[in-house]
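All chains are named by letter (A, B, ...) in the order of the sequence lines, taking the proteins before the strands, and each is independently numbered beginning at 1.
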Amino acid sequence: MPANRALYEQVILEHNKKPRNFRPMPDADHKVEAYNPLCGDHFTVYVKMNGDRIEDVSFDGAGCAISKSSASVMTMLLKGKTKKEAEALFVKFHNMVTANPEAPIDEADIGKLCVFAGVREFPVRIKCATLAWHSMLAALDGRDDSVSTE
Amino acid sequence: MAISTATADRPAQSAAEETEALTPSEVERLRLDFPALHVKRNGKSLVYLDNAATSQKPKAVIERLDQYYRSENANVHRGMHYLSEVATAAYEDARKKVQRFLGIPLTCEVVFTRGTTEGINLVAQTYGRKNVGPDDEIIISAMEHHSNIVPWQMLCDEKGAKLRVVPVDDRGELVLDEYARLLNGRTKLVAVTHVSNALGTVNPVKEIIALAHAQGVPVLLDGAQATPHLPVNVQALDCDFYACSAHKMFGPTGIGVLYGKAEFLNRMPPYQGGGDMILSVTFEKTTYSGLPYKFEAGTPDIAGAIGLGEAVDYLEAIGMRRIAKYEHELTQYGTELLSSIDGVRIIGTAKEKAGVLSFTMESAHPHDIGQIFNDCGVAIRAGHHCAQPVMQRFGVPATARASLAFYNTKEDLDALAVAVHKVKEVFD
């Protein structure tokens, strides 16, 4: 099964089993729920700011391997970033997962996020991959409400 | 599970139940009638186990639609010309076929709708709005599809009425004692599913109806998952309304049936206004048509209805009892197969069950299960199956669901088991 081997990269499976920053954050500045009613993915993303910088970010909840590992990788990458940097990274990520599957990937530019390139082959999984990111952006904007992909 | 054993195990069966199940060689032949079952992906035929979402269509139905559009197409009930007569006759003939298939007493009690959802909304918006008032109650169950929850919620919100919910036990069966307690003088309607789409439970609808009728309460059954798999006779059930969809019973999408007892339908206001549902219109007064046209405003899905008639003929030629028996054996086989795999939990283990195998796996989310299955060429559904309260009841965010039809085989279920092992390989 060549296609899914590409989708479920080892890094994704590993983050799915052992998600990083997978914990509630009682002293979070922002807390946003992420919900994908289609498949029942349900996460909460927590953010603690220090001025314009993300001091700490975590998440908890349940979802598929793609949504969970994407949230996990996201928390690793965003710690210490400014709001602007976080938004710029999301744009890159979003462009990659929604691109034509044949399009070349600039691995040096996208970095660790390139493990999610397989999502391009499965349009229904784009929502899974971007779910936590949407909540994160809402949190950074201070829209502390739930975010749904539907 | 040999057919002869199943029969021998139950010697006290009534004559009607002694029907033989479809044989594997018959099923092999019937599969040839379904072009979509032979769609190849990576050189292999798909294993289609998503029948609760929609069924595949036999050539007879596909060709009937084609024939209608090629040589019979015209509007119905209006034209004075040849084609209109042909189209009207075919459309009304389809109504009679459905009447016979569901054991409906009167032809005028067969209302064509867009599907089960529209049938239920029709009853909520007409019977419901007319008869339900503040503090009245409507009883549904905890295993309903959203289409048999939301229309009643909307009605209750509008009228200040209350929705009461019959609970489900750990096997996925309705708790009938609780149901009996919920019935009271304020109950205006009971709306429950005949067969659960998420759990496969076949509800004891006769008992449910008898209990409601004892208190003078009418009952609507959501038959979307029953009509493709079980013999259904609305007279024997004595239900007051019955809604189903053609596309789940090997017919076209966009068409369905609502049965209602004439005594109810006659007293209900129309659902939508438009052409075909009127006798005469002036700006001062409009007189509505009689049954069933009062509920069929606008040009109906003529081709769809005719296609449904063909699907019903197809099913009757096979025999619903034989289908039910075969699917029962297949369900048992699939249940044993899945239960024997470590880390698989089957959701819905009712004693009376139709061919739905809803399950979760310890190591993988249902969405990931569906993805791996797709790569193995096995089509299933992953998600909440439009039955979120059922998911909540069983404490799962979603399930993977394999749902059977008479054209499925033990080989299909073997492929399902192989795919489950593949999931374990990737995620364990």
Side-chain angles (χ1 to χ4, degrees), chain A residues 1-19 22 33-44 59-72 97 101 115-132 146 148-150, chain B residues 41-44 47 50 53 145-146 149-150 198 343 347 358-401 415 418-428:
Chain A
M1 24 184 244
N4 276 339
R5 201 160 282 153
L7 178 64
Y8 294 113
E9 285 262 4
Q10 214 43 52
V11 175
I12 291 179
L13 293 173
E14 201 264 330
H15 273 268
N16 178 49
K17 256 190 196 163
K18 292 192 200 108
F22 191 64
E33 257 185 87
Y35 186 45
N36 180 347
L38 198 71
C39 45
D41 294 346
H42 201 164
F43 295 107
T44 305
F59 77 109
D60 65 1
C64 67
I66 302 297
S67 61
K68 198 175 194 179
S69 59
S70 173
S72 172
V97 293
V115 297
F116 294 100
V119 167
R120 300 182 301 173
E121 311 249 3
F122 305 96
V124 295
R125 306 305 295 267
I126 294 170
K127 284 176 182 172
C128 309
T130 56
L131 182 63
S146 64
S148 164
T149 57
E150 287 300 298
Chain B
R41 185 161 172 262
N42 301 329
K44 275 166 57 186
V47 173
D50 195 18
H145 186 281
H146 294 166
I149 301 174
V150 183
I347 310 281
S358 230
F359 63 97
T360 57
M361 292 177 69
E362 267 167 28
S363 53
H365 186 278
H367 213 152
D368 298 316
I369 299 173
Q371 187 91 44
I372 301 286
F373 272 45
N374 181 50
D375 250 37
C376 297
V378 179
I380 59 159
R381 166 103 185 254
H384 53 57
H385 318 296
C386 296
Q388 285 180 315
V390 176
M391 302 297 114
Q392 284 150 17
R393 167 64 182 82
F394 287 90
V396 294
T399 71
R401 178 189 69 186
V418 168
V420 169
H421 285 293
K422 208 68 154 180
V423 173
K424 284 169 69 98
E425 217 173 88
V426 175
F427 288 95
D428 269 5

Between A:Lys68 and chain B, with a heavy-atom cut-off of 4.5 Å, which part of the residue counts as in contact: side chain, backbone, both or neither?
neither

Using the side-chain contact (heavy atoms from CB on, under 4.5 Å) criterion, which residues pair with B:Ala415? Sequence neighbours excluded.
B:Val47, B:Val378

Could you report the tightest heavy-atom contact between B:Val426 and A:Leu13, atom names first, then the distance?
O-CD1, 3.6 Å

If you count the non-hydrogen atoms of other residues, nucleotides and ligands that lie under 6.0 Å from CD in B:Glu362, is the total more than 12?
no

I'd like to check the side-chain hydrogen bond (donor to acceptor under 3.5 Å, both in side chains) partners of A:Asn16; sequence neighbours left out, ordered by chain and number.
none

Assess the residue pair B:His367 and A:Ile66 against the criterion (side chain to side chain contact (heavy atoms under 4.5 Å, CB included)); give the C-alpha distance rounded to whole Å, side-chain angles, the decisive distance to 0.1 Å, and a yes or no.
CA-CA 9 Å; B:His367 213 152; A:Ile66 302 297; over 6 Å; no

Rounded to the nearest 0.5 Å, the CG atom of B:Asp368 sits from the OH atom of A:Tyr8 at a distance of 3.5 Å

